[in-house]
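To keep things clear, I will list the structure first and then write my remarks on it.
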Amino acid sequence: MGRVENRVAIVTGGALGIGKACCEVLAKEGAKVAVTDILDKEGKKLAEKIKGAGGVAEYWHLDVANEKEVEKVFSEVAKTFSKIDVLVNNAGIAGVSKPTHEITAEEWDRVISVNVKGVFLCTKYAIPYMKKAGGGSIIDMSSIYGIMGAPDAPPYHASKGAVRLMAKTDALFYAKDKIRVNSVHPGFIWTPMVEGYLKSLGNVQEGRKALDNLHPIGHVGEPNDIAYGVLYLASDESKFVTGSELVIDGGYTAR
Ligand code: NAP
């Protein structure tokens, strides 16, 4: 039996990077996976790949900052797979990297709208289905940037700090409903987001080396390093774990 056999899992931002790895690992361990993203070509390709490997997956277009879309897609997922047990609130954007006094209100709002409001909306619309299913697991993707500061991306830090406490508050609200809510805090993971960020700063190879050196373990992580933590939180192996922070960061925050 798989570790999440017959669970129905929605992964937001599931087409690329960490989300993609979560979709693949959850499907490999028996979950029916709703791959959702704003990148339709990549999302559909991933759902086909999972099905080709013998798993169960479907793709839905979903912008997590759009309430109507969240409501509609969650209802379609529940109809297609008959329930919702797991929500991986993974979609997120890095936003601008500049000092606070140079950031426009629009740049600030964009990051908060995807990274914070998106988590709120997806949680809001998942809860009724999880209550109906008799329980569930919500996994909120925060970051080491939700635990400690750095002089680079103020709205991103604000958003990931918010997500960390949203997970704890929701853990307390819904413990009685057997819905567990936890946050995950990756160090730097090699994904299109990080590669794009380094491109915007100049030299990708040099940038990667500098990022490697920030992690005591000697290198940045890979998407599966996070996906296996998500799998644990999605499964019953973590049935006593709620309101907690799973830090997966190669020792970055251990200093
Ligand atoms: P990624 O490579 O950019 O993948 C994220 C996916 O989410 C992309 O397909 C992206 O599409 C999509 N997305 C963006 N806005 C969306 C929206 N409004 N609705 C739905 N999907 C949307 O990012 P990643 O590095 O895998 O990061 C995944 C999560 O982990 C994020 O929450 C991130 O903050 C967090 N995280 C990442 C790292 C890291 O080092 N990679 C570290 C700590 C935390 P576009 O490509 O079009 O934007």
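Counting starts at 1 for both ligands and their atoms, in listed order.
Considering only non-hydrogen protein atoms, atom 21 (N) of ligand 1 sits nearest to Ala91 CB, 3.6 Å. Nearest protein heavy-atom contact of atom 20 (C) of ligand 1 is Leu62 O, 3.1 Å. Scanning the protein for heavy atoms near atom 45 (P) of ligand 1, the closest one is Leu39 CD1, 4.0 Å. Ranking protein heavy atoms by distance to atom 48 (O) of ligand 1, first place goes to Ile93 CG2, 4.4 Å. The nearest heavy-atom contact from the protein to atom 18 (N) of ligand 1 is Asp63 OD1, 2.9 Å. Protein heavy atom nearest atom 25 (O) of ligand 1, with residue, atom name and distance: Thr191 OG1, 2.5 Å. Scanning all protein heavy atoms for the shortest distance to atom 7 (O) of ligand 1 gives Gly13 CA, 3.3 Å. Looking at atom 9 (O) of ligand 1, its nearest protein heavy atom turns out to be Asp37 OD2, 2.8 Å.
Of all the listed residues (Val11, Ile38, Asn90), Asn90 holds the heavy atom that lies closest to atom 28 (C) of ligand 1. When the heavy atoms of His61, Arg110, Met193, Glu195 are ranked by distance to atom 2 (O) of ligand 1, first place goes to Met193.
When each of Val119, Val111, Ile112 is tested with Asn115 by the rule side chain to side chain contact (heavy atoms under 4.5 Å, CB included), just one qualifies, namely Val111.
Minimum interatomic distance between Val8 and Asp85 (heavy atoms only, all atoms of both residues): N-OD2, 2.7 Å. Here the closest non-hydrogen pair linking Thr12 and Thr36 is CA-OG1, 3.2 Å. When every heavy atom of Trp60 is checked against every heavy atom of Glu58, the shortest pair comes out as CZ3-CB, 3.5 Å. Summarising the geometry of His215 relative to Arg255, their closest heavy-atom pair is N-NH2, 4.4 Å, with the distance given to 0.1 Å.
Heavy atoms of Tyr156 come nearer than 4.0 angstrom to ligand 1 in at least one pair. For the ligand labelled ligand 1, residue Lys160 lies inside the 4.0 Å heavy-atom shell. Using a 4.0 angstrom heavy-atom cutoff, Ser142 counts as in contact with ligand 1. Under a 4.0 Å heavy-atom criterion, Gly187 is in contact with ligand 1. Within the 4.0 Å heavy-atom shell around ligand 1 one does not find Thr12.
Side chains of Tyr59 and Glu48: a donor-acceptor N/O pair is absent below 3.5 angstrom, by distance only. When only modelled atom types and interatomic distance are considered, Asn182 and Ser244 share a side-chain donor-acceptor pair under 3.5 Å.
A salt bridge is absent between Lys20 and Glu42; no separation between the charged side-chain nitrogens and carboxylate oxygens falls under 4.0 Å.
Between Asp236 and Arg7 there is a side-chain heavy-atom pair separated by less than 4.5 Å. In this structure, Lys168 and Leu165 have side chains that are in contact, with non-hydrogen atoms separated by less than 4.5 Å.
Here's the thing with Ile189: one of its N/O atoms is less than 3.5 angstrom from an N/O atom of ligand 1.
Tyr156 and Tyr145 have perpendicular rings, their planes meeting at more than 60° on a 0 to 90° scale where under 30° would count as parallel.
Counting heavy atoms closer than 4.0 Å to ligand 1, residue Val64 contributes atoms from both its backbone and its side chain. With a heavy-atom cut-off of 4.0 Å, Ile18 touches ligand 1 through backbone and side chain alike.
The Met141 neighbourhood of ligand 1 comprises atoms 29 (C), 30 (O), 35 (C), with distances under 4.0 Å to a heavy atom of that residue.
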